[in-house]
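This report refers to the structure that appears directly beneath it.
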Amino acid sequence: MSDTVLATRGLHMAFGGLMVFDHLDFSLKQGERHAIIGPNGAGKTTFVSLITGLLRPVSGDVLLDGRVITRDPPQARVKAGIVRTFQINSLFKALNPLESVVLALCERDGRARPALRAVARESALIGEARGLLEQFGLGADALTPTQTLAYGRQRLLEIALAMALKPRVLLLDEPAAGLSTRQGHEVFEQLLRLSAGVTILFIEHDMGLVFRYADQVSVFAGGAIIVQDTPDNVRVNPRVREVYLGA
Amino acid sequence: QESVKIGLLQSFSGITSLSGQQTDGAVKLFMKQNGDTAGGKKIEFVRRDTTGPNPEVARRLVQEVVTREKVQLLIGPDFTPNTLAAAPILMEAKVPSFVNGAATTGIIGEKSSYSSRTFFATPQLCRPLAEYAVKNNWKRVFVAVADFAPGHDCEKYFVEALAAASGVLAGQLRVPLSNPEFSGYMQRIRDAKPDALFIFMPLGELSIGILRAVSDSGLKGSGIKIMGTGDITDETYLDAVGDAAIGTITSGIYSTRHESELNKKFVREYTELNGPSPRIGWTAVSIYDAMRLAYDGLNAQAGGKFDPDKFVSFVHGRSFESPRGPVTIDKGNGDITQNVYIRRTDKVDGVLQNVEIETFKDVGFK
Amino acid sequence: MAAVLTVLFNGIAYGFLLFIMSVGLSVSLGMMNFVNLAQASFSMLGGYAMVAATQRFGVPFLASLPIAFLAAAAASVLIERLVLRHFYDTDDLTQVLLTLGLVFMSIAAVTYFWGGSYQRFDLPAWLTGQQDVLGLTLETYRIFLVLTGALLAALLIFGLERTRFGAMVRACVDNQRVAGACGLNTQLIFAGAFAIGGGLAGLGGALAANLLGLDPNFPLRYLVYILIIVSVGGMGTISGTLAAGLALGTADVMGKYYFPQFGGVAIYAATVAVMLWRPHGLMGRRA
Amino acid sequence: MAPEATPVLEARGLCAGYGAARVLHDVSFSVARGEMLVIIGRNGTGKTTLIETLCGLTTLHGGEIRLEGARIEAMPPHRRSRLGLGWVPQEREVFASLTVEENLTVAARGAAWPLERLYGLFPRLAARKRNFANQLSGGEQQMLVIARALSTGPRLLLLDEPVEGLAPLIVQEMLAAIGAMRASGGTAIVMVEQKYDIALAHSDRCLVLDHGEAVYSGRSADLLADAPGLERLLGVGGQADPG
Amino acid sequence: MSAVPEWFAGKARWSGFEIAFWCALAGAYFLPNIDIALLSQIFIWGLFAMSLDLLLGYRGIASLGHAAFFGAGAYCAGFLGKYGWGEPVSGLLISMLPAAALGWLTGKLVQRVSGVALLMVTLGLNLILFDFVQRSTALTGGDDGLQGIAVDPLLGLFRFDIFGRTAYWYSLGALFALFVFLRAFVHSPFGLALTGSRENARRMIMLGSPVEGDISIVFAVSAAAAAAAGALLTQTTQFVSPATLSFQRSADVLVMLIIGGAGRLYGGLIGALIFLVMKDWLAALSPVYWYFWIGLLLVLVVSFFRKGVLPSLETGMRGLIARLGKARGGGPPA
Ligand SMILES: Nc1ncnc2c1ncn2[C@@H]1O[C@H](COP(=O)(O)OP(=O)(O)OP(=O)(O)O)[C@@H](O)[C@H]1O
Ligand SMILES: Nc1ncnc2c1ncn2[C@@H]1O[C@H](COP(=O)(O)OP(=O)(O)OP(=O)(O)O)[C@@H](O)[C@H]1O
Ligand SMILES: [Mg+2]
Ligand SMILES: [Mg+2]
């Protein structure tokens, strides 16, 4: 168990009268690539939000390296290495990719608070930001305002922003949403190339991606994890076929 | 021909625009009666809008008309804060001014020895009314004033005079400046069971609102006498108060009903010239008197170059007959001594009027 | 005891007055998501329409109320067609600036046509004076206000908030493009909603004129109160506006009776407290 | 009158874009009763623009659109909708301040899709009907938008990436339901889909767009079978990165 | 591509326009028949609007009670002058402190609310403070204003004269100094973080940024700058009254900022210039009905300059330059 990075213990969550999940135990191992699948509304996004602290559970705990972080504010969890992307792009529309990434880097290194030294003097960070954008193939778009970027490019920036923080655990909510099958694969390839050593938890509805890139798959349904297994076993599991995959 | 520039700094817009209209009316009437030259000089006006009690704007406008337009005389600015903010400039530039629309004590004299007041000073109205109340055996008086500096002033003088006349303070309260609702206060006054209620409210929503509330709540019908400074029944707003105002006892410096030949002529010609609405309030008279002092002062130095010091020493100490009655500008500091009238609001020929019922002669400004 | 009950009643009546004054903005802000400060001008217009009808043309007071509604509704639609409809997709502050400009213009225009002084008008005798109800002496006009306000609230809550038309308006506001492509005639729906909002504001002005007085500065004087009531109630819920009106109305009158030394601060302090406690207002919709 | 002869929708020489900017150049196609046409193409090539042009939400620079023979290109969007055009926008544009049920009733017309039938298709929505639409999960919002389009009783359904974010089981059920609609009511479908394998497998004909021009039009089955053709038309994933 | 490493430096560099603008402000003094009193007032309002821009333009939160800070600075300078601290420059600096503290507290209070709630809270706090100042006649002189303020000559040399010459240079100097400070502030990483929070607070949280804590900081800085404007007003007029913290002032400054255009510091200055010059001109031209024309001005500005005058001009200029470039056949290399 010592290689467990992230875990939840008896996590209970409800929105008003709607119970999302009840007593959920989950653990994520160091270096694992773990996919979450499940019917719409099963609580996958909610689960990620609980881990990152954007939502608070009704009861139960979230643990990082065995330490309870349920009451920590989201920022503290980011600093501890838990980083996420969003199901629907959540970017800085008026900033360009360069500014967005430099912003992320300044926050990561805690250089945003002293307030009179110009950004231009942070040449190391600016260089790092350029490198990152090149790696994600966004070099040519570095100065284009985000809101005028094509959707697929925005999706890449969404992931680049998360990577800029040098995460230990990366949570991806449908990273390939809005992309074609082929682009989805490209995004994953790129991501995995750049994220050696990072533990990844991702949500996907595209089974091609799930079965190709995950080591482990958890299936959320009806407020619980009904199956947790390797992709090959999940693919043929009759319960999973019944509630999620279909014929 | 040589000319003299007079600055006219009043509120022509906003909540207080009615005083601006009266200013224009009075100036127009005076010029019609007395021509547009005085002391051989042509009179020119520089008209600016202070937009109400707004000392920052008033000060800048005074600075502007004094340094750029080079006015020699100033009528205004109105309101106490405006007057105070402008005073140092007028002092330094030696520009004589006539204060109207500002009633606080002590703003004339040491703050600016070049000023004279043709308006009135707060105690002038408050003290006689306290005496009058006690004399008529309304001994227990409840005092309600607007909760701002002039209100606090007025409260002080009235309560002082009431105590001096051995009346009793039945209770007091201060009404916030923006206050659409009086019923809680009315109940409080009713609970105190006073003989009379003394009111000071600035002209406008508060003065109208409180008289309507006094009437609607039945306070007026319950035998409590309603009195106040003349603001609450000023002719310009009286019609908007309506019949609720009838029977109110106020102290004031001027009523259109004042019995004198001069006033009858003034009212007749003013109305002919400016129409019946807005009605003539005390701003009109105050401006009219300022114009007369300006003309007299200029005539006194006819032919010569304008000398502000001579002008002031001529104006200070002058007595004359105004439409409101006899008036004296104090020799020492330029403040005003005048008759104060106790009036009752009544319907005369279907129109609400302030009918004078008693006169306090030559009341000082302290 | 009688004094306490009278004060309470007066507070409730004042609450209904605040509700009546604010409901126009509540409709336009809540249903239309349009920060239409010019509603205060439509209130004034309603007041002037009422005064003109009763004083100049001798129309009875009650009959002048629908006239006030219609006049303000017509003006509202006119302004919407000419100006406001170009600003649906702009941000709040732009709308504030735009409609503030309209308020200024309305003030000057009213001064031009009606003069700067307060309007005089007399209520019919049956609405003045006091009535004895259950041993309390209550002001007749306040009783009238409570009844009208309650009727209006019921009408709006069941006739607007809970109906398909209400949903249509909100749909158009949420996403005009999609609403249009779903078959909703957005132009017509917006014009209709503006007519209702403006008309209500006009009615409010006509009913309030007796207690608040009426002059060209009416919109500026009461704008802050209206904003407070609408936001404390929760954007656009009519029941919220009613609740806020009643709560602040009673608090204000009771406060003045029991703690007159606090002056006018009570209502502002209450506003700050409510907004910190429930940022979406007493009955705000969104979680 | 022979219904089979007039297509439900016919577009001829469409040139359209946003303001002065042109995105579509001379695009023509038609859809017959009960037929399903898919539009595929790389990112940013003008698929959404084409759909929105049919709805009347873009600037039309030229061309004509006929719905069952009647010219509609000059009509405002709401009139087109009333003539039977149903639209599922790409970006889950639910009416956020309406409840789920209000979303489904606010624009409802005709008797073809009463609430019960919609809830039958998407039981998940029935469970959440009192919630505000912006509280739904991503997939639930997508279901809601589809159900809302159906509630207007369309004769022609325009679907812009409808299966995005939906669980595989739901996708299957939805495609089955669409198949049933085509068979029974003769509803015609125009669908934009990135996942061209799914799209081609379920449709009759396809139109491939590239840089705003129609570069291929034909039977879906043919294209699906033609691997080199697919590679050439849909190419290396959109505007691929140079690096 | 070479533009990328230069991007931030390019943004922070002083442009020719800027230098010309400041020279023009200084040079205006020497124009014949210029109303320098009005210009001084524009500088003060411009600084005030600029302080609000930090909140609204950069952080995206509107305050409807910004006059509270202006007034705090104004009264603080007034009290200093009244009780013997007549030296203006140090008085100005001291006056910024209490307001900064007040701003910091306000930021703490409102950090969890946004939108309308924030507007109403700031408005409410402003009104409460106004009410307090206006009613405390013993302490503040109430409506009549604080009496007995004395301000020493600037640097011990220049008396504040009735022509307003000293006031002109003093306000311009203070404006420029604070502008340089604020400019550095918004071009720092912290300024970038503020913009990020404005654009997408949720994402900023997910970058680990202390979004709520930042609100207190920006409120404090903004309040201090507003207070400096207030103190300038007191010192140059030797007068302070409750009007300095009225709701009207809060509304006016917001209007100026939006007219000028939020989010570029200069917007506030340009807005103050347009608004005050128009107001002065209209009020002199048509004292009774100038309200109408100022209203019309607002309507026209938002109709034809959606984002404010300055941004619209910028876009127009850029379009023009691009067209000129094309006409010459060149155009910038991609
Ligand atoms: N703020 C909220 N208020 C009320 N209910 C909510 C809220 N957020 C989510 N829900 C509900 O909680 C359930 C779980 O939502 P969640 O977004 O976690 O689903 P999901 O598994 O990510 O689904 P999808 O695959 O469709 O994205 C859904 O039924 C949703 O409607
Ligand atoms: N509102 C708009 N204003 C201006 N240009 C736009 C607008 N929307 C889209 N465009 C441009 O029109 C072109 C076509 O966009 P469209 O959304 O139709 O592409 P698409 O094929 O649907 O792409 P995707 O697969 O990403 O959905 C793109 O270059 C895009 O930048
Ligand atoms: Mg999800
Ligand atoms: Mg698209």
Side-chain angles (χ1 to χ4, degrees), chain C residues 29 35 37-38 41 82-84 86-87 89-112 116 216-217 220 223-224 227-228 230-232 234-235 261-281 284 286, chain E residues 56-57 60 62 64-65 106 109-132 134-135 247-248 250-252 254-259 262 271 279 282 286 288-308:
Chain C
L29 201 64
V35 193
L37 301 186
S41 294
L82 287 178
V83 187
L84 302 185
H86 304 294
F87 292 87
D89 52 352
T90 57
D91 60 321
D92 296 359
L93 285 173
T94 307
Q95 294 173 354
V96 165
L97 202 62
L98 175 79
T99 52
L100 194 65
L102 294 176
V103 169
F104 285 163
M105 291 169 75
S106 75
I107 289 176
V110 165
T111 312
Y112 184 79
N217 287 293
L220 283 187
L223 203 53
V224 169
L227 275 175
I228 286 180
V230 172
S231 6
V232 166
M235 290 295 157
Q261 64 276 17
F262 288 151
V265 173
I267 195 166
Y268 307 133
T271 305
V272 171
V274 170
M275 295 322 291
L276 288 175
W277 170 52
R278 301 196 58 153
H280 292 272
R286 298 217 185 134
Chain E
L56 179 63
L64 208 46
T106 310
L109 202 60
V110 302
Q111 61 183 218
R112 278 171 207 285
V113 301
S114 59
V116 176
L118 188 87
L119 288 180
M120 296 323 283
V121 171
T122 47
L123 169 71
L125 293 176
N126 188 178
L127 291 174
I128 290 171
L129 189 65
F130 176 75
D131 194 84
F132 170 77
Q134 189 182 45
R135 294 188 333 152
F247 165 63
Q248 166 93 40
S250 296
D252 279 351
L254 200 56
V255 167
M256 288 179 201
L257 179 58
I258 302 175
I259 286 185
K279 195 165 154 173
L282 292 171
S286 148
V288 183
Y289 299 112
W290 65 268
Y291 253 81
F292 184 87
W293 303 112
I294 219 76
L296 189 64
L297 172 75
L298 297 189
V299 172
L300 291 179
V301 165
V302 290
S303 300
F304 296 105
F305 302 95
R306 276 287 159 98
K307 293 242 156 289

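Here is the naming used below: chain letters follow the sequence lines, and residue numbers restart at 1 for every chain. Just so you know, these numbers use all the heavy atoms, side chains as well, and skip hydrogens, waters and symmetry mates.
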Roughly how far, to the nearest 0.5 Å, is [atom2] of [Y] from [atom1] of [X]?
X        : Y        : atom1 : atom2 : result
E:Leu127 : C:Thr271 : CG    : OG1   : 8.5 Å
C:Leu93  : E:Leu56  : CG    : CG    : 5.5 Å
C:Ile267 : E:Ile128 : CD1   : CD1   : 11.0 Å
E:Thr122 : C:Met275 : OG1   : CE    : 10.5 Å
E:Leu298 : C:Thr94  : CG    : OG1   : 12.0 Å
C:Leu100 : E:Asp252 : CG    : CG    : 8.5 Å

Measure [X] against the heavy atoms of chain C and call it side chain, backbone, both or neither at under 4.5 Å.
X        : value
E:Leu297 : neither
E:Leu109 : both
E:Phe247 : side chain

TODO: Would you mind telling me which of E:Leu64, E:Asn126, E:Val255 has the largest number of heavy-atom pairs within less than 4.5 Å of chain C?
DONE: E:Val255
Of all heavy-atom pairs between [X] and [Y], which one has the smallest distance, and what is that distance?
X        : Y        : value
C:Ala108 : E:Phe292 : CB-CB, 3.3 Å
E:Val299 : C:Met105 : CG2-SD, 4.1 Å
E:Ser303 : C:Phe87  : OG-CZ, 3.6 Å
C:Pro279 : E:Ala117 : O-CB, 3.4 Å

- [ ] Please look at C:Thr90 and chain E and tell me whether the side chain, the backbone, both or neither of the residue comes under 4.5 angstrom of a heavy atom of that chain.
- [x] side chain
- [ ] Let me know if C:Leu220 has heavy atoms under 4.5 Å from chain E in its side chain, its backbone, both or neither.
- [x] side chain
